[in-house]
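Below, read A as the first sequence line, B as the second, and so on, with proteins coming before strands; counting in each chain starts at 1.
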Protein chains: 2
Amino acid sequence: MAQRATITQVAQRAGVSIASASRALNGLTSATATVEAVRAAARELGYIPDATARSLKLGRTLQLAYAVADIGNPVYVEMMAAIQEVVSGAGYRLLVTNTGDAAGTVDLVTSLQRGYADGMVLSPLRVTDELVAAVAQSPVPVVVLGRMPESAGVDTVAPDSAGGIALAVAHLHAIGARRIAFVNGPADTIPGRVRGGAFVAAAGPDAPVVSAADFTAAAGHAVAHALLSGPDRPDAVLAANDLLAIGVLHAADQLGLSTPDQLAVVGVDDTELGKLFRPALTSVDLGASERGRRAAELLLERLNDPHKKPQQVVVPAALSVRRSSDVKGEPMADDARAPHQQDQEGER
Amino acid sequence: MAQRATITQVAQRAGVSIASASRALNGLTSATATVEAVRAAARELGYIPDATARSLKLGRTLQLAYAVADIGNPVYVEMMAAIQEVVSGAGYRLLVTNTGDAAGTVDLVTSLQRGYADGMVLSPLRVTDELVAAVAQSPVPVVVLGRMPESAGVDTVAPDSAGGIALAVAHLHAIGARRIAFVNGPADTIPGRVRGGAFVAAAGPDAPVVSAADFTAAAGHAVAHALLSGPDRPDAVLAANDLLAIGVLHAADQLGLSTPDQLAVVGVDDTELGKLFRPALTSVDLGASERGRRAAELLLERLNDPHKKPQQVVVPAALSVRRSSDVKGEPMADDARAPHQQDQEGER
DNA sequence: ATGAAAGCGCTAACAC
DNA sequence: GTGTTAGCGCTTTCAT
């Protein structure tokens with residue numbers, strides 16, 4: 001563990017003042033001879049400028065934070081990977097935090113006042129008034145992944161859940177499904193509410209909807225087993241995410257229902273799991289990676305121009321059709337864009 | 001975006017010196033009246049101490065870094081979640097970085113000289129002499145996930161790959177497998193080399209081994225299709241990770257081989273994917289979460305005592321037996337501990 | 001118990 | 001082009 005050299009030592013060794021050393025190192029006006037001497041001294045001493053001191057002086061940390069409720073969730077990981085890439089490309093380091101519950105999220109946003117990061121991408125579990133207030137109060141810009149009232153005055157990036165689910169319902173109708181059921185997650189979550197509402201809008205108020213205890217395969221299996229054993233068995237199921245859909249496939253298999261012939265199944269999120277499962281799962285791609293990328297870009301843009309108008313970006317959805325809903329009627333398009341995506345983004 | 005208050009303002013408002021304000025806030029010796037006045041002033045101003053200034057003064061950032069080659073890989077994510085939990089519990093923030101290739105890793109370790117973190121958990125793709133040197137030179141402690149020469153003098157946390165693979169081979173023998181093949185990933189990677197070597201050690205030099213182009217299901221499928229179509233078809237396959245194993249299952253299914261009767265399949269890593277796949281995948285659990293936790297703990301311990309002896313921890317492996325290798329002969333134990341785990345950790 | 005002052009390492013006026 | 005100086009916000013001697 002080597003001892004670190006300071007700019008003072010570099011200056012001494014080069015025989016110049018500290019200011020000259022700083023200038024030479026940062027490429028400001030200085031004589032060629034000075035630059036060389038300083039560079040040499042720095043090299044010999046293995047000098048690397050201290051990030052903390054620099055931050056204190058400059059008023060910026062060159063760090064950005066990504067806060068999310070459950071860092072184990074593949075969708076958030078996908079976003080994180082995209083964010084990490086954009087952010088590091090711009091010379092920033094990425095801080096990752098688990099918010100846990102809703103209260104934790106508010107604390108986290110207020111903690112930004114400590115000034116350990118120049119901005120934050122926040123993926124909140126729920127949007128409370130308290131959270132909106134905290135975000136508005138934040139001393140550094142926050143970009144929210146999800147929707148927020150425009151009055152909050154923050155940049156947001158949201159998926160086009162409604163468009164994506166409409167796409168899935170249309171697809172199921174097209175392959176001849178007569179009775180489409182929706183397997184939702186808990187209705188008191190944001191995705192549960194939004195996706196459930198979108199399904200009703202797309203499939204009509206009479207389409208059957210059941211809610212699983214949480215967004216897991218086990219919960220999906222439990223609720224699907226009942227659904228598929230009961231009267232008026234559906235011939236297609238749209239699940240609120242891929243895990244639930246896998247649970248549905250398990251139940252169908254267990255009950256001896258063949259997929260897709262007797263039961264077509266579609267998920268949401270288009271995860272790796274769905275692609276590798278057999279039968280491969282048709283799924284609504286909500287563009288997690290793209291959302292992460294856009295959020296990071298919006299944050300960087302706002303850092304450059306704090307006064308620009310807040311944007312509400314909606315990332316378009318797509319449908320990846322695979323074996324779990326692929327019957328002869330439908331051509332094997334691997335990808336379809338949402339027709340009614342409401343991308344409200346402005347310039348760029 | 002509120003303006004942030006400084007300790008100077010708090011001191012003024014409370015009618016005391018800056019030093020007294022600092023002492024009162026940090027719980028050092030000060031009169032009760034002073035404490036109250038300062039607390040009140042701080043509350044009224046919404047004062048929160050600046051992390052950067054504090055870091056500069058204290059010489060510690062309260063940040064730890066986690067560096068990994070591919071942040072999208074579920075195994076690394078599992079480790080990250082565990083690290084995040086330990087680290088944040090101890091009051092540290094977690095910085096996450098993608099190293100990319102091997103050269104990037106060395107740069108990253110040297111970049112620690114910037115002093116933006118108090119320590120690092122490093123999960124290197126390959127261990128080169130250059131990297132060992134960089135780690136040894138690091139101004140802050142580095143804990144390596146993987147093995148390193150003891151002479152490097154750093155704390156390491158490694159999986160017991162050999163023990164885990166021996167467990168899998170023994171299990172396959174126990175269920176009656178006569179001819180066990182190993183589907184490896186690229187042999188020029190660390191896991192490829194270690195796991196391949198462990199298999200040969202456990203199954204003997206005559207056991208068939210093939211190498212896939214990378215650690216993906218597609219690569220596993222390709223190589224397994226050839227393996228299972230050729231002469232001397234194996235009756236069991238151990239794959240170097242779960243993705244490869246899924247590829248093997250795809251190939252078996254495609255060739256009309258029933259699992260586990262005609263072909264038993266076992267993976268390594270015990271991922272969520274394997275648990276949800278049908279047939280559910282038997283897999284060697286290398287304790288990713290536990291490794292992440294131990295690495296973070298070792299880092300914290302070293303921060304507390306920089307002079308303690310470097311430790312080489314080996315986390316025990318276990319076998320999760322599931323349907324893909326579950327034949328009647330074997331009782332349905334869900335979990336078995338490695339008998340020859342070589343846990344070399346010292347105290348604690 | 002408290003205040004004055006030094007200083008962490010760096011950058012940016014400012015004057016020469 | 002370069003040196004002197006101030007100062008980012010905080011903690012911590014050192015006197016008192």
Side-chain angles (χ1 to χ4, degrees), chain A residues 2-39 41-42 45-63 91 111-118 139-140, chain B residues 2-39 41-42 45-63 91 111-118 139-140:
Chain A
Q3 245 346 285
R4 305 178 41 205
T6 74
I7 198 170
T8 311
Q9 297 168 29
V10 173
Q12 277 179 346
R13 184 170 190 118
V16 298
S17 75
I18 309 177
S20 292
S22 173
R23 276 188 294 254
L25 259 12
N26 290 322
L28 300 186
T29 57
S30 47
T32 323
T34 310
V35 174
E36 299 214 343
V38 172
R39 285 241 179 92
L45 292 172
Y47 169 76
I48 298 197
D50 182 76
T52 308
R54 204 152 195 280
S55 294
L56 181 59
K57 181 66 199 181
L58 297 181
R60 5 182 286 153
T61 58
L62 290 181
Q63 292 185 166
S111 84
L112 280 174
Q113 300 208 37
R114 294 188 184 280
Y116 58 82
D118 299 339
V140 297
Chain B
Q3 245 347 285
R4 305 178 41 205
T6 74
I7 198 171
T8 311
Q9 298 169 31
V10 173
Q12 276 180 347
R13 184 169 189 118
V16 299
S17 75
I18 308 178
S20 293
S22 173
R23 277 187 293 255
L25 257 12
N26 290 323
L28 300 186
T29 57
S30 47
T32 322
T34 310
V35 174
E36 299 215 343
V38 172
R39 284 240 179 93
L45 293 172
Y47 169 76
I48 299 197
D50 182 76
T52 307
R54 205 151 194 281
S55 294
L56 181 59
K57 182 67 200 177
L58 297 181
R60 2 182 289 153
T61 58
L62 290 181
Q63 293 186 164
S111 84
L112 279 174
Q113 300 209 37
R114 293 186 184 284
Y116 57 81
D118 299 338
V140 298

### Query
Closest heavy-atom contact between B:Ala21 and B:Ala11?
CB-CB, 3.9 Å

#### Entry: Heavy-atom pair of closest approach, residues B:Thr61 and B:Ala117
OG1-CA, 3.4 Å

### Message
Categorize A:Thr34 for me: base, sugar-phosphate, or nothing, with a 4.0 angstrom heavy-atom threshold over every strand shown.
### Response
sugar-phosphate

### Query
Hey, which of these two, A:Ile18 or B:Ile18, hits DNA chain C nearer its 5' end, going by closest nucleotide?
B:Ile18

### Query
More 5' along DNA chain C: B:Thr32 or B:Leu56, using each one's nearest nucleotide?
B:Thr32

Kindly say if [X] contacts the phosphate of [N], meaning a side-chain N or O under 4.0 Å from OP1 or OP2.
{"X": "A:Thr8", "N": "C:dC10", "result": "no"}
{"X": "B:Ser17", "N": "C:dT2", "result": "no"}
{"X": "A:Tyr116", "N": "D:dG9", "result": "no"}
{"X": "A:Ser30", "N": "D:dG1", "result": "no"}

Looking at the side chain of [X], which of [options] is the nearest nucleotide?
{"X": "B:Ala53", "options": "C:dC10, C:dT2, D:dG9", "result": "D:dG9"}
{"X": "A:Ser20", "options": "C:dT2, D:dG3, D:dT12", "result": "D:dG3"}
{"X": "B:Thr6", "options": "D:dT11, C:dG3, D:dC10", "result": "D:dC10"}
{"X": "A:Ala19", "options": "C:dT11, D:dT11, C:dA12", "result": "C:dA12"}
{"X": "A:Lys57", "options": "D:dG1, C:dG9, D:dT12", "result": "C:dG9"}

Separation of atom [atom1] in [X] from atom [atom2] in [N], rounded to whole Å:
{"X": "A:Arg54", "N": "D:dG9", "atom1": "CZ", "atom2": "P", "result": "17 Å"}
{"X": "A:Leu58", "N": "D:dG7", "atom1": "CG", "atom2": "P", "result": "17 Å"}
{"X": "A:Gln12", "N": "D:dT4", "atom1": "CD", "atom2": "P", "result": "12 Å"}
{"X": "B:Asp50", "N": "D:dT11", "atom1": "CG", "atom2": "C1'", "result": "13 Å"}
{"X": "A:Leu62", "N": "D:dC8", "atom1": "CG", "atom2": "C1'", "result": "15 Å"}
{"X": "A:Ile7", "N": "C:dC8", "atom1": "CD1", "atom2": "C1'", "result": "14 Å"}
{"X": "B:Arg60", "N": "D:dC10", "atom1": "CZ", "atom2": "C1'", "result": "15 Å"}
{"X": "A:Leu28", "N": "C:dA13", "atom1": "CG", "atom2": "P", "result": "11 Å"}

### Query
Hey, are A:Tyr116 and A:Ser111 close enough side-chain-wise for a donor-acceptor pair under 3.5 Å?
yes

### Task
Please evaluate the base of C:dG3 for a donor-acceptor partner in the side chain of B:Arg23 within a cut-off of under 3.5 Å?
yes

### Main-chain N/O of B:Thr52 paired with B:Asp50 side-chain donor or acceptor, under 3.5 Å
yes

### Message
Would the distance check show the side chain of B:Arg114 and the main-chain N or O of A:Ile48 forming a donor-acceptor pair, the cut-off being under 3.5 Å?
### Response
no

### Task
Could you point out which residue of A:Val38, A:Ile18, A:Val16 forms a side-chain contact (heavy atoms from CB on, under 4.5 Å) with A:Val10?
A:Val38

